[in-house]
Protein chains: 2
Amino acid sequence: MSEIKKKMSERGEISKVVSEKPAQTLGRKRDHTRDDKILEAAIDILVDTSFDGMTMDMVAARAKAGKATVYRRWSSKAELVRDALAWMNRNHLELESLPDTGTLREDLLVLLKPQSIAEEERKFRVLAGLGSFLQHPEFAEAGTAGIFEPWIVMNRELMNRAVVRGEIPAHADIEMACQVITSMASFRGLIQRKPFDKLFFTALIDGILLPALKNPQIAPNIMETLQDE
Amino acid sequence: MSEIKKKMSERGEISKVVSEKPAQTLGRKRDHTRDDKILEAAIDILVDTSFDGMTMDMVAARAKAGKATVYRRWSSKAELVRDALAWMNRNHLELESLPDTGTLREDLLVLLKPQSIAEEERKFRVLAGLGSFLQHPEFAEAGTAGIFEPWIVMNRELMNRAVVRGEIPAHADIEMACQVITSMASFRGLIQRKPFDKLFFTALIDGILLPALKNPQIAPNIMETLQDE
DNA sequence: TAGTTCCGGAACTTTACAGTCTCGTTTATA
DNA sequence: TATAAACGAGACTGTAAAGTTCCGGAACTA
């Protein structure tokens, strides 16, 4: 039985992010700068190994902390990883600083900064090793949505602006196009383990996305497709 | 340290599929019908748990076999899983039985039989739990290529036929379109854990793929996009 | 300055599982 | 019919890791 399953059957609920204690005033204060060190150490290790491959000793050693210090903050490995994922996905999502070059093509390309690529590849590697952890749906959300949602939001905004500019028709399937981007990125990073670099992204944009968005079907008749099941 | 890493550092090479023994003629013969029972049991378990979550006791119990019987065939868990993946991907890929309805749209839809969908979703669930196992590149190929390659081959063939028919231009980016299909399928099955059903696939085809394939860029000038890095 | 809680480090306990071995039985060869 | 290997079942061994506890020292409060 996997580690995570064991834990879940024993305790009922997942605790909130970094448990708070009942207003104590005595003794040395908890050094909350250690929290981030520990979470960062956990992510660093998850980049290179899997959930099951990561040990609490590794985390403590990498953070130069004692295991007691770790368990004082998180009561189990599952909770630590849960919070580490949330920490990894803490978002620098600034919608107001989105590129606005005048064409959708340039906007999309500018969004794909080399630094963003490296960061996303790190997240993919973490995600790839989460296996048994993600089998529990309550954890799956934290691990996945946080990674992909920001990109979908940004791409959606860029495409909507293109509609407003008249660059693409209003009835183009923007949601599907956004999903294509995140799907291709994750497939390439997660499965093929190749870089989602500018060359590939350009080919995707020019070969598929822009042609599709600029020449959508005249009458996307869903009803007709449903009847012939 | 994960199980797989331990094993790999000890032994050098991965053994071939179901090891053969040096021409012995004495005693009871090995019952090779047990091989498939064991591999099938392994896959059945991998569908519901992860690589680390699967135990050899589970496999033996599910196959109604003794652990000795399992270890007589595979010298480690890693090798068993390796062969189980190959067994799962043993392909009923019959290129000659591809649909040929006269339109690319119908061909693609016919290819997506409900039974195929269920089978692929099973494979996705296995793949999702492989985490630490796939971190070794020599295993990654067996696990992933076997799942996706057949679909790419079939979709490529259908699209090439469409080119021959004159349904889509010859310079459409067929390879990219094939990748979009497998990417979307795996993203939906692996990450979102939603069904890649006919409704969704139809929206992908009508909203993105067919428009893109039928209206490719006039001059897909890769050179121009490369210089502005 | 005494009492309390934190810290890093490390020893310790417990549990689970990979891999091995034994047993009684079955199926093969010579 | 004697020997040999495979079979299912399950006991056994060794190791790894989650989680706990203790240590000596530091930091805080009353």
Side-chain angles (χ1 to χ4, degrees), chain A residues 1-11 15 18-35 37-38 41-42 45 49-81 132-133, chain B residues 1-11 15 18-35 37-38 41-42 45 49-81 132-133:
Chain A
M1 190 183 286
S2 74
E3 297 305 326
I4 179 64
K5 273 195 180 167
K6 244 181 298 171
K7 230 37 208 165
M8 294 311 299
S9 53
E10 288 170 10
R11 63 189 73 209
S15 84
V18 182
S19 62
E20 68 296 344
K21 53 256 149 292
Q24 43 109 69
T25 175
L26 243 46
R28 179 174 172 174
K29 272 163 189 152
R30 188 170 294 183
D31 178 6
H32 282 286
T33 66
R34 311 303 296 129
D35 297 0
K37 285 281 180 192
I38 294 167
I45 292 165
T49 74
S50 62
F51 175 81
D52 297 278
M54 179 187 96
T55 72
M56 296 301 264
D57 288 272
M58 287 184 199
V59 176
R62 176 140 196 155
K64 291 194 203 308
K67 278 209 289 179
T69 303
V70 176
Y71 277 102
R72 205 172 288 121
R73 290 160 167 76
W74 296 277
S75 65
S76 74
K77 179 179 173 180
E79 293 181 9
L80 168 61
V81 170
S132 62
F133 182 76
Chain B
M1 190 183 287
S2 74
E3 296 305 326
I4 177 65
K5 274 196 178 164
K6 244 180 301 172
K7 229 41 206 160
M8 295 309 300
S9 54
E10 287 169 13
R11 64 187 72 208
S15 85
V18 181
S19 61
E20 70 293 347
K21 51 259 148 298
Q24 43 110 75
T25 174
L26 241 48
R28 180 173 173 177
K29 273 165 189 150
R30 188 170 293 183
D31 178 5
H32 282 285
T33 66
R34 309 303 293 128
D35 297 2
K37 285 282 181 194
I38 294 167
I45 292 164
T49 74
S50 62
F51 175 79
D52 297 277
M54 179 187 97
T55 72
M56 296 301 264
D57 288 88
M58 287 183 199
V59 176
R62 178 140 194 156
K64 292 193 204 308
K67 278 210 289 178
T69 302
V70 177
Y71 277 100
R72 206 173 286 121
R73 289 160 166 77
W74 295 277
S75 65
S76 73
K77 180 179 174 182
E79 293 181 10
L80 168 61
V81 170
S132 63
F133 182 77

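Below, chains carry the letters A, B, ... as their sequence lines are ordered, and counting in each starts from 1. On a predicted model such as this, the values are computed, not experimentally measured, just so you know.
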- Of the non-hydrogen atoms in B/Ala65 and B/Arg34, which two are nearest, and what is the gap between them? CB-NH2, 4.0 Å
- Kindly give the heavy-atom pair with the smallest separation between B/Met54 and B/Val81, and that separation in Å. CE-CG2, 3.6 Å
Rounded to the nearest angstrom, tell me the gap between atom [atom1] in [X] and atom [atom2] in [N].
| X | N | atom1 | atom2 | value |
| --- | --- | --- | --- | --- |
| A/Lys77 | D/dT20 | NZ | P | 15 Å |
| A/Tyr71 | C/dC12 | OH | C1' | 14 Å |
| A/Met54 | D/dG19 | CE | P | 10 Å |
| B/Leu26 | D/dA6 | CG | P | 10 Å |
| B/Met56 | C/dA16 | CE | C1' | 15 Å |
| A/Asp57 | C/dA11 | CG | C1' | 12 Å |
| B/Met58 | C/dA18 | CE | P | 8 Å |
| A/His32 | D/dA27 | NE2 | P | 17 Å |

- Atom pair CH2/OG1 of A/Trp74 and A/Thr69 - distance to nearest 0.5 Å: 10.5 Å
- To the nearest 0.5 Å, atom CG of B/Asp52 lies from atom NZ of B/Lys77 at 5.5 Å
- B/Thr69 vs D/dG8: side-chain N/O to OP1/OP2 distance below 4.0 Å: yes
- Message: Quick check against the 3.5 Å criterion: does B/Arg73 have a side-chain atom that pairs as donor or acceptor with the backbone of B/Leu80?
- Response: no
- Item | salt bridge (Lys or Arg N to Asp or Glu O under 4.0 Å) partners for B/Asp57, two or more places apart | B/Lys67
Report each atom pair, protein N/O against N/O of nucleotides 21-25 of chain D, whose distance is under 3.5 angstrom.
unit_1	atom_1	unit_2	atom_2	d
D/dG25	N2	A/Arg28	NH1	3.2

